[in-house]
Amino acid sequence: MAAIRNTLTYLVPDSFSVQPGQRVQVPLATRKATGIVLRAGSTLPPGIQARPILRLLDTEPVLTPELMELGLWIADYYVAPIGEVFRAMLPLRSATRRARSVRLSALGQQKLQEISQPEQEPAGPAGDLLAYLATRGSASVQVLRKKFSEAFLEALKEKWLVVDEVERERTQRQVYAVRLAGPVPEKPLRLSPVAKRILEALGTEGTAGDHRELLQTARADLAALKKLSASGLIELDPSKKSSLPGDTWAEGGTPLVLTPGQSTVLDDLTKQLESGQFQTVLLHGITGSGKTEIYLRLIARCLEIGRTALMLVPEISLTPSVQAQFLARFSSQVALLHSALSENERHEEWWRIRRGEAKVVLGTRSAIFAPLSNLGVVIIDEEHDTSYKQEETPRYHGRDVAVVRARLAGALAVLGSATPSLESYWNACEGKYRLAALPERVEGRKLADVEIIDMRQEFRETHTQVPVSRRLKQEIETQLSKRQQTMILLNRRGYSWFLLCRSCGQTQRCVNCSISLTYHRREHRLICHYCGYSAPVPARCPNCDSQHLYYVGEGTEKVEKKFAELFPGARVARLDRDVARRQGQFRHILDEFRRGQIDLLVGTQLIAKGHDFPGVTLVGVVSADIGLGLPDFRSAERTFQLLTQAAGRAGRGESPGRVLVQTFYPDHYAIRMAAEQNYEAFFHKEMRFRRMMHYPPVTALANVIAHGAKLDQAAQVAKHVGNFLIPLEKNTEGLKILGPTPAPLAKLEGRFRIQFLIKCTSRARLSTILQRLADYTDQQGIPQRSLMIDMDPANIM
Ligand code: ADP
Ligand code: ZN
Ligand code: ZN
């Protein structure tokens with residue numbers, strides 16, 4: 001069933017009162033669906049036949065007027081069905097649940113009267129059931145079924161019972177911290193065995209941070225715990241369970257003394273905040289300039305003036321230090337929202353924010369929808385990061401949504417980065433955003449020196465294709481002898497990039513995608529990095545039966561192994577998506593690296609993101625320029641950002657840092673300017689290219705992909721799209737349509753893809769055209785899943 005783009009009208013039964021923003025269950029064709037009340041009126045529009053609402057899912061609106069407006073904006077601008085937008089904004093179960101409650105009927109009352117006469121025979125289980133209900137008033141079906149089984153069914157058949165449908169508020173699963181109230185008396189007053197087990201489990205320290213773990217150890221339930229607490233032996237503290245980062249990160253409780261540069265920027269931001277006017281500030285602060293401290297101060301000020309604050313980071317599991325600092329400064333006022341939370345935890349955090357208990361939210365992309373009221377500041381850290389773009393419907397960009405949300409709330413938006421996206425820096429140049437700059441590192445620390453190693457030269461001199469140049473190898477040896485830490489950046493995970501047949505030149509490709517499979521040594525399989533398909537490693541070429549199969553290119557797995565061999569005695573570890581998938585492993589390695597227990601850390605771009613490891617004095621970039629060969633207009637920007645961020649990890653402590661960049665394109669401007677860490681120079685150079693080619697930010701861009709399980713199905717969809725778009729091009733000013741052509745990834749996840757790139761001088765006009773395209777294709781009966789519409793795409797592959 002396709003998602004609905006328009007809205008529907010329902011009747012509100014007299015017994016309900018509904019408000020905009022409330023969730024309701026409604027009949028939709030033959031099934032039930034969840035809806036959000038947009039507007040409630042007292043009369044039905046003429047000619048409309050409306051069915052009644054079935055039930056209310058929450059007792060109060062879950063969306064504030066501000067968030068509803070934001071949702072409507074997203075649905076419009078990104079051409080997404082409003083229902084899917086609201087679903088993305090509310091990752092929640094309903095707050096009420098439907099329960100069936102049982103009480104005695106008149107017949108049942110009568111029966112109970114009869115059987116309780118003294119001369120009657122004992123009434124057996126059925127009598128017990130009636131007596132049970134008479135004393136309690138009502139009970140749930142589940143409880144009665146469990147307690148009385150047969151007798152319950154009999155009583156139903158005899159019509160002694162009435163079953164009512166009731167709405168129950170879902171009980172919030174509260175987590176308690178537990179501690180002994182005082183010394184346990186020598187001879188405890190008649191303790192039950194379970195109480196004894198609980199006291200025992202509390203151990204010598206007499207405390208437990210999470211009652212659920214305690215109960216597990218003690219083989220006890222919550223009722224037993226509460227009973228013990230009522231007896232005064234222990235105390236329960238409603239606590240907020242947080243995955244508090246370990247001691248390694250436990251700094252950041254006391255504010256630092258600001259540098260003059262930080263002070264100037266903070267003063268300016270504070271003035272904007274206090275003005276109570278919407279405003280967007282781009283904070284361009286080089287790596288290690290101390291942006292985090294500014295964010296913390298600004299948020300503290302925001303709380304002081306009685307408003308709430310929201311900060312987005314790219315990937316929260318990767319930033320334990322930021323989490324630790326937030327918790328240290330704002331303790332229980334902080335709510336964390338990210339993808340590693342369980343459904344229950346997210347539900348709890350969401351309601352803490354909704355109830356106003358949490359006033360500071362730290363989270364990833366979808367945290368932009370946190371139900372904070374009276375929002376004063378929204379901060380987007382590492383605003384250039386591509387993880388802010390959602391790659392499924394609704395395809396919104398978290399940074400751009402943040403700016404809109406700030407506008408609706410009359411709040412200050414702060415976008416921070418050492419390598420701002422071209423879009424944001426352009427907006428600052430155009431005067432749309434205010435620009436604030438931190439051009440120096442804290443404590444007068446120098447940016448790392450960057451040296452470029454020409455790998456073509458290396459090959460000419462050594463005649464071997466090796467991942468690590470002689471120079472980098474020698475530098476790592478020096479590091480090890482000085483006991484200093486090194487990070488090695490690579491941008492491919494796995495062991496080798498692909499398996500190539502030397503006889504026929506074929507590589508092993510994914511059956512679902514037009515992409516080569518990557519060899520993973522741990523699994524000993526060939527894996528697709530796009531769809532996850534995996535295949536065994538063939539002994540002979542499936543195409544020509546030759547035995548000459550070669551592993552080409554180095555991934556993180558191979559370099560990790562190679563380093564362990566090259567530098568015996570060195571402690572080598574690896575961080576990439578494969579490691580991150582293993583629960584707790586990622587954090588563990590970050591902790592160890594932080595404590596100096598790892599000498600060499602090999603990883604993908606994940607290690608270049610925002611981390612602050614003061615002990616790192618050398619960063620080696622083994623390969624970061626493969627991206628330059630991709631047919632995406634942002635490839636130079638991505639490469640520049642990656643290299644600059646990677647370089648920014650070196651020399652953040654007392655000792656200065658160095659960076660070695662190995663490349664096959666030593667003259668490419670993205671590489672050279674990243675080596676100079678000269679953002680402005682890169683910006684101006686890259687803008688010339690964007691202007692010449694009519695690419696964002698100078699024009700608006702949309703990526704429209706028609707796809708299908710068969711090529712001719714995709715072509716059929718593309719034909720309809722073309723029928724709509726191509727005539728428009730002639731009579732719309734500033735509109736340019738490229739396509740239809742096979743997408744760079746011509747097949748993905750088993751579907752063939754045909755692409756249109758649409759450029760338009762006006763973003764608003766482009767968005768309107770896309771909305772009309774969606775209406776048109778709906779009318780043509782094209783299933784929504786056959787057409788991807790991506791406004792402001794982050795990648796056009
Ligand atoms: P950025 O995010 O701008 O790259 P961070 O906020 O991570 O930089 O700060 C870099 C380092 O400098 C951190 O270790 C931080 O604790 C430290 N730092 C920040 N401000 C100050 C200050 N005013 N005085 C001393 N150290 C500071
Ligand atoms: Zn072959
Ligand atoms: Zn695939």
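In listed order, ligands and their atoms are each counted from 1.
Of the angles at the Zn ion (ligand 3), the one spanning SG of C513 and SG of C510 is 110° when given to 10°. Rounding to 10 degrees, one finds that the Zn ion (ligand 3) sits at the corner of an angle of 110° between C528 SG and C531 SG. Here C541 contributes SG and C544 contributes SG, and at the Zn ion (ligand 2) these two atoms make an angle of 110°, given to 10°.
Classified by interplanar angle (parallel below 30°, tilted 30° to 60°, perpendicular above 60°), the ring pair F330/F326 is perpendicular. Taking the six-membered ring where tryptophan is involved, the planes of Y388 and H397 are tilted, since the angle between them lies from 30° to 60°. Aromatic ring orientation, Y519 versus Y551: tilted (interplanar angle from 30° to 60°).
Taking only nitrogen or oxygen atoms, main chain and side chain alike, R649 does not reach within less than 3.5 Å of ligand 1. Residue E293 places no N or O, backbone or side chain, under 3.5 Å from any N or O of ligand 1. At least one N/O-N/O distance between G290 and ligand 1 falls below 3.5 Å. Between T287 and ligand 1, not a single N/O pair is under 3.5 Å apart. For ligand 1, one of its N or O atoms has an N or O atom of G288 under 3.5 Å away.
In terms of heavy atoms, A743 sits closest to I705 at CB-CD1, 4.2 Å.
Atoms of ligand 1 lying under 4.0 Å from at least one heavy atom of R652, given by number and element, are 1 (P), 4 (O), 5 (P), 7 (O), 8 (O), 10 (C). Of all the atoms in ligand 1, the ones that sit under 4.0 Å from a non-hydrogen atom of T292 are 2 (O), 5 (P), 6 (O), 7 (O). Atoms of ligand 1 found under 4.0 Å from any heavy atom of E443, numbered from 1 in the order shown, are 25 (C). Contact atoms of ligand 1 toward V257: 22 (C), 23 (N), 24 (N) (distance under 4.0 Å to a heavy atom of the residue).
With 2.8 Å as the limit, H529 does not count as an N, O or S neighbour of the Zn ion (ligand 3). At a cut-off of 2.8 Å, H548 does not coordinate the Zn ion (ligand 2) through any N, O or S atom.
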> Please walk me through it: do L438 and K291 pass side chain to side chain contact (heavy atoms under 4.5 Å, CB included)?
Replying inline: CA-CA 8 Å; L438 281 173; K291 294 185 284 295; 4.1 Å; yes

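Other residues, nucleotides and ligands place no more than 12 heavy atoms under 6.0 Å from the CD atom of E654. Around atom OH of Y530, no more than 12 heavy atoms belonging to other residues, nucleotides or ligands sit under 6.0 Å away.
You'll find the ring centres of Y425 and Y433 outside the 6.0 Å limit. Aromatic ring centroids of H707 and F752 lie 6.0 Å or more apart.
When non-hydrogen atoms are compared, ligand 1 lies under 4.0 Å from neither the backbone nor the side chain of D381. The proximity of I286 to ligand 1, defined as any non-hydrogen pair under 4.0 Å, is limited to the backbone. Using a 4.0 Å cut-off between heavy atoms, V442 contacts ligand 1 through its side chain alone, with no backbone atom that close. Under 4.0 angstrom from ligand 1, the non-hydrogen atoms of L256 all belong to its side chain.
The closest donor-acceptor contact from the side chain of S417 to the backbone of T419 lies under 3.5 Å. With hydrogens and angles ignored, the 3.5 Å screen pairs a side-chain donor or acceptor of H611 with a backbone N or O of L606.
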